[in-house]
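The next block holds one structure in the form of structure tokens; read it before the comments.
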Amino acid sequence: MSSPAIEVRGLRKSYGTKLALAGVDLTVEPGTVQGYIGANGAGKTTTVRILIGLLEGFEGEARVAGFDPRTEQVEVKRRIGYVPENAALFDTMTVAEYLLLVGRLHDLDDSVIIDRCTEILDALDLTSRLVSRVSSLSKGMRQKLLFCAALVHDPEVLFLDEPLTGLDVNASMLIKELIRELADRGRTIFYCSHVLDVVERVCDRIAIVDEGKLVAEGTFAELVDQRGIGSLEGILASLTDGGGEEDKARRILAALSDDGEG
Ligand code: ATP
């Protein structure tokens with residue numbers, strides 16, 4: 001059997017006195033699209049930042065593509081792609097310059113970078129912007145560029161944080177299709193999102209994190225079975241502090257119409 005693409009044991013991380021991760025265990029096999037969901041502040045980005053070697057000062061063990069992100073950051077970075085929710089890009093570069101820079105950092109020949117990026121940008125309808133400055137791109141175009149940069153070195157493990165934000169319908173469909181095809185070729189995708197219907201359809205397995213702890217993990221069918229609830233939204237609400245949204249909305253409206261004299 002091949003070794004796990006991602007392995008995490010007893011992962012704990014605090015920011016000052018705030019405990020963000022309280023001991024997470026998770027194993028992701030190669031070729032899996034692993035969903036990672038939870039409420040705002042649950043600890044998703046913290047987990048990803050540890051796994052990609054951007055965050056230190058954590059307890060527990062982590063392995064990505066067989067390497068330790070604490071001590072083997074270069075090995076990890078060679079094998080991963082990352083599409084963050086908010087990225088700082090080099091705004092003064094053109095799209096072509098930026099992609100050449102990223103590809104060269106991965107030791108790729110320029111001809112390989114150009115071939116691969118031409119194909120990806122063409123599919124994403126961004127080829128016409130090759131000589132545009134990054135600062136001139138729309139939000140969705142920046143997201144497409146991030147995808148291209150994350151894929152150019154054909155990473156073993158792809159970390160996606162709200163990857164469809166700002167994408168138009170065609171690009172969204174393409175990315176979802178690509179995620180499935182990459183997994184079929186043995187690539188692993190770690191997919192963080194609040195868009196639960198997409199998570200339900202795209203992910204092979206789903207892990208639910210709440211206040212820094214893993215509270216459920218399995219296929220969607222297994223989670224439905226375990227919880228006796230037919231939607232991921234309902235399952236998440238039952239495991240976290242969700243639910244009662246109608247009441248909450250009514251209370252807000254009541255407060256808004258309260259003139260303070262009663
Ligand atoms: P979201 O869905 O809103 O992106 P998340 O699940 O990604 O949330 P994290 O960003 O991992 O959550 O945050 C987990 C906890 O750690 C939160 O309570 C957050 O306030 C805290 N936290 C995250 N980054 C920092 C930081 N740099 N300094 C202090 N606290 C932080």
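Atoms within each ligand, like the ligands themselves, are counted from 1 in listed order. All residue numbers refer to positions in the sequence shown, counting from 1. None of the values given here were measured: they were computed from a predicted structure.
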Check residues 6-14 and write down every donor-acceptor pair under 3.5 Å in which the side-chain atom is one partner and the other belongs to a residue at least two apart or another chain.
{"from": "R9", "atom 1": "NH2", "to": "T27", "atom 2": "OG1", "distance (Å)": "2.6"}
{"from": "K13", "atom 1": "NZ", "to": "E56", "atom 2": "O", "distance (Å)": "3.1"}

- Sort out the contact shell of ligand 1: every protein residue with a heavy-atom distance below 4.0 Å, listed by chain and number. Y15, K18, A20, A39, N40, G41, A42, G43, K44, T45, T46, H194
- Task: Applying salt bridge (Lys or Arg N to Asp or Glu O under 4.0 Å), name anything that partners D91, two or more places apart in sequence or on another chain.
- Result: R142
- Message: Starting from I252 and following side-chain heavy-atom contacts under 4.5 Å between hydrophobic residues (I, L, V, M, F, W, Y), which residues can be reached?
- Response: L253, L256
- Message: Angle between ring planes, F190 versus Y36, binned at 30° and 60°: parallel, tilted or perpendicular?
- Response: tilted
- Message: Distance alone, cut at 3.5 Å: any donor-acceptor contact between the side chains of Y15 and T46?
- Response: yes
- Query: What heavy-atom pair brings F147 and P163 nearest, and what distance separates the two atoms?
  - Reply: CE1-O, 3.4 Å
